[in-house]
Structures are given as structure tokens and as C-alpha cells.
S.K.: 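Here you go, one structure.
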Amino acid sequence: TAKIASETLADMGKFTPADKYIVMQPLDEIPEGSNLKSILCFGNAEQIRTLGGLIHFSEPKAFTPIIAPWGSGCVNFVAFPAGIASGCPKDTAILSPFVPEGNTWFPSDLLALGIPITMARRMAEGYESSFAVRKPETTYSMTKEIL
């Protein structure tokens, strides 16, 4: 309804650009010293579950490090994880898309996970002590086939 849409927009808060330009590019092409705000990952269910597990491995909160908000691809892929929308909880990964319009253009077998850069750095710091290293046979499907 118009009322719910209006309340949703108010909940998102004010949108403030992170910088003069928003640049999206593959990680291996980002110059050293860039002012990264977030990382956007696309994956199948197993890959997104593994990334979600790594987020939870480095976070003490059970419910809030990952959320699945309503909104366009742009807002979920860029604005929320990059901290551009004031209403989005800080340091929270965004699982998406969850709008039916995405069904026309987003591959049906994929999901996206937008990860704020501070969270991504914590994930990287804890990776060596995580389940992904200690139990790769249950973490990665390619090693399951070996068993």
C-alpha cells in the first residue's frame, strides 16, 4: 500500500552519497589505497551460506549481522552495505534481492550478499581459525565429492 511504501522509505532514512562517485569493479582491479565501502558477492545457496557462516564466525550477535531488507537491487547491492542509507543498521551484511521485480533480471539460482568493508576485513582476519579451514570437507562442495 502507499502507506507501507511511505513508511518503508522513511525507515530507510536519508541517503547521503559516500563520495563524489560510486565505482563498482572487480576486487582484483581495485587500486591499492582505494576508499572501499563494501563488497558485493554473488553466489549460489551454498556459497552464500558459507559467507554468512564466516560473518557469524566473526560476530557475537546471533540475529543482526545479516539482514534481508526490502528494496531495489541498487539499494540492497550498494546503498545499504556501503552505509549510504542512514536507516540501515551499521556494520550489517545485506542478503538480497527480495523484490519480485528482480525475478525478471536476476538469475534464479543466485543470491547477493553486500558486506560492509569493516565486516569483510574481520571475516578475512578470522578466516584461518574458522570452520572453512578447520572443516573444509563440510564447507566446500568440491571437497565433498572427494569423500
Side-chain angles (χ1 to χ4, degrees), residues 8-147:
T8 300
L9 290 173
D11 191 45
M12 289 180 186
K14 182 180 178 186
F15 284 68
T16 305
D19 212 333
K20 185 174 180 179
Y21 300 102
I22 295 175
V23 178
M24 295 180 70
Q25 64 191 93
L27 281 174
D28 62 354
E29 296 176 12
I30 296 174
E32 194 70 33
S34 293
N35 186 18
L36 295 179
K37 299 294 182 190
S38 63
I39 296 173
L40 179 60
C41 303
F42 298 102
N44 62 34
E46 182 178 73
Q47 293 164 330
I48 297 297
R49 281 194 308 268
T50 299
L51 285 172
L54 288 168
I55 288 170
H56 281 287
F57 185 78
S58 65
E59 299 289 329
K61 298 176 190 161
F63 299 106
T64 57
I66 304 170
I67 59 174
W70 175 89
S72 68
C74 295
V75 78
N76 281 300
F77 294 171
V78 179
F80 290 162
I84 294 171
S86 66
C88 184
K90 302 296 180 220
D91 210 21
T92 301
I94 307 299
L95 181 64
S96 67
F98 291 102
V99 291
E101 294 82 14
N103 293 340
T104 62
W105 57 269
F106 197 79
S108 62
D109 58 340
L110 297 180
L111 282 171
L113 190 61
I115 306 170
I117 196 64
T118 54
M119 180 179 276
R121 287 185 175 123
R122 280 195 304 275
M123 291 167 66
E125 289 167 3
Y127 181 78
E128 291 300 322
S129 63
S130 77
F131 58 87
V133 173
R134 291 191 331 250
K135 292 284 197 175
E137 68 279 4
T138 60
T139 304
Y140 302 106
S141 62
M142 66 179 148
T143 56
K144 288 180 193 172
E145 294 173 11
I146 296 170
L147 299 177

S.K.: I need the Met119 CE to Thr92 OG1 distance, nearest 0.5 Å.
M.R.: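 The OG1 atom of Thr92 is 5.5 Å from CE of Met119, to the nearest 0.5 Å.
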S.K.: Is Leu51 close to Met123 at the side-chain level, that is, under 4.5 Å between some pair of heavy atoms?
M.R.: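 Yes, close enough: below the 4.5 Å cut-off.
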S.K.: How close do Ile55 and Pro65 get, heavy atom to heavy atom, and via which atoms?
M.R.: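 Minimum heavy-atom separation between Ile55 and Pro65: CG2-CB, 3.8 Å.
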S.K.: Could I get the full list of side chain to side chain donor-acceptor pair (under 3.5 Å) partners for Thr118, not counting sequence neighbours?
M.R.: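 Only Asp91 meet the side chain to side chain donor-acceptor pair (under 3.5 Å) criterion with Thr118.
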S.K.: Looking only at non-hydrogen atoms, find the nearest pair between Phe57 and Gly126 and report the distance.
M.R.: CE2-O, 3.5 Å
S.K.: Listed by chain and number, what are the side-chain contact (heavy atoms from CB on, under 4.5 Å) partners of Lys20, not counting sequence neighbours?
M.R.: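 Testing Lys20 for side-chain contact (heavy atoms from CB on, under 4.5 Å), a comparison that skips the adjacent residues, returns none.
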S.K.: Apply side chain to side chain contact (heavy atoms under 4.5 Å, CB included) to the pair Asn76 and Trp70, showing each step before the final yes or no.
M.R.: CA-CA 8 Å; Asn76 281 300; Trp70 175 89; over 6 Å; no
S.K.: How many angstroms lie between OG1 in Thr64 and NZ in Lys90, if you round to the nearest 0.5 Å?
M.R.: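 It comes to 14.0 Å.
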S.K.: Quick check: do Cys41 and Ile115 have side-chain heavy atoms less than 4.5 Å from each other?
M.R.: yes
S.K.: How long is the straight-line distance from CZ of Phe98 back to CD1 of Ile67, given to the nearest 0.5 Å?
M.R.: 11.0 Å
S.K.: So which atom in Gly52 and which in Leu113 form the shortest heavy-atom distance, rounded to 0.1 Å?
M.R.: N-CD2, 4.3 Å
S.K.: Taking only residues two or more places apart in sequence or in another chain, which ones pass side-chain contact (heavy atoms from CB on, under 4.5 Å) with Pro60?
M.R.: none
S.K.: Between NZ of Lys135 and OG of Ser130, what distance do you get to the nearest 0.5 Å?
M.R.: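 Separation between the atoms: 13.0 Å.
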S.K.: Measure from the side-chain N and O atoms of Ser34 to the backbone N and O of Leu36, and report whether any donor-acceptor pair falls under 3.5 Å.
M.R.: no
S.K.: Does the side chain of Pro81 reach to within under 4.5 Å of the side chain of Ile94, using non-hydrogen atoms?
M.R.: yes
S.K.: Less than 4.5 Å apart, any side-chain heavy atom of Ile66 and any of His56?
M.R.: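 A side-chain contact exists here, since the closest heavy-atom pair is under 4.5 Å.
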S.K.: Shortest non-hydrogen contact from Ala18 to Lys37?
M.R.: CB-CE, 3.9 Å
S.K.: CD of Glu46 to CZ of Arg49: how many Å apart, nearest 0.5 Å?
M.R.: 6.0 Å
S.K.: Kindly indicate whether the side chain of Val99, heavy atoms from C-beta on, has any atom under 4.5 Å from the side chain of Ser72.
M.R.: no
S.K.: Please report the interatomic distance CZ(Phe42) to CZ(Phe77), rounded to the nearest 0.5 Å.
M.R.: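 Reported to 0.5 Å precision, the distance equals 5.0 Å.
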S.K.: With a 4.5 Å cut-off on side-chain heavy atoms, are Ser38 and Phe80 touching?
M.R.: no
S.K.: Tell me if the NZ atom of Lys61 is crowded by more than 12 foreign heavy atoms within 6.0 Å.
M.R.: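 Check fails, neighbour count at 12 or below.
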S.K.: Using only atom types and a distance under 3.5 Å, with no angle test, would you say the side chain of Thr104 pairs donor to acceptor with the backbone of Gly102?
M.R.: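 Side chain of Thr104 to backbone of Gly102, a donor-acceptor pair under 3.5 Å: no, none is there.
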S.K.: Show the nearest heavy-atom pair for residues Tyr127 and Val133, with the distance to one decimal.
M.R.: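 Looking at all heavy atoms of both residues, the closest pair is O-CG2, 3.4 Å.
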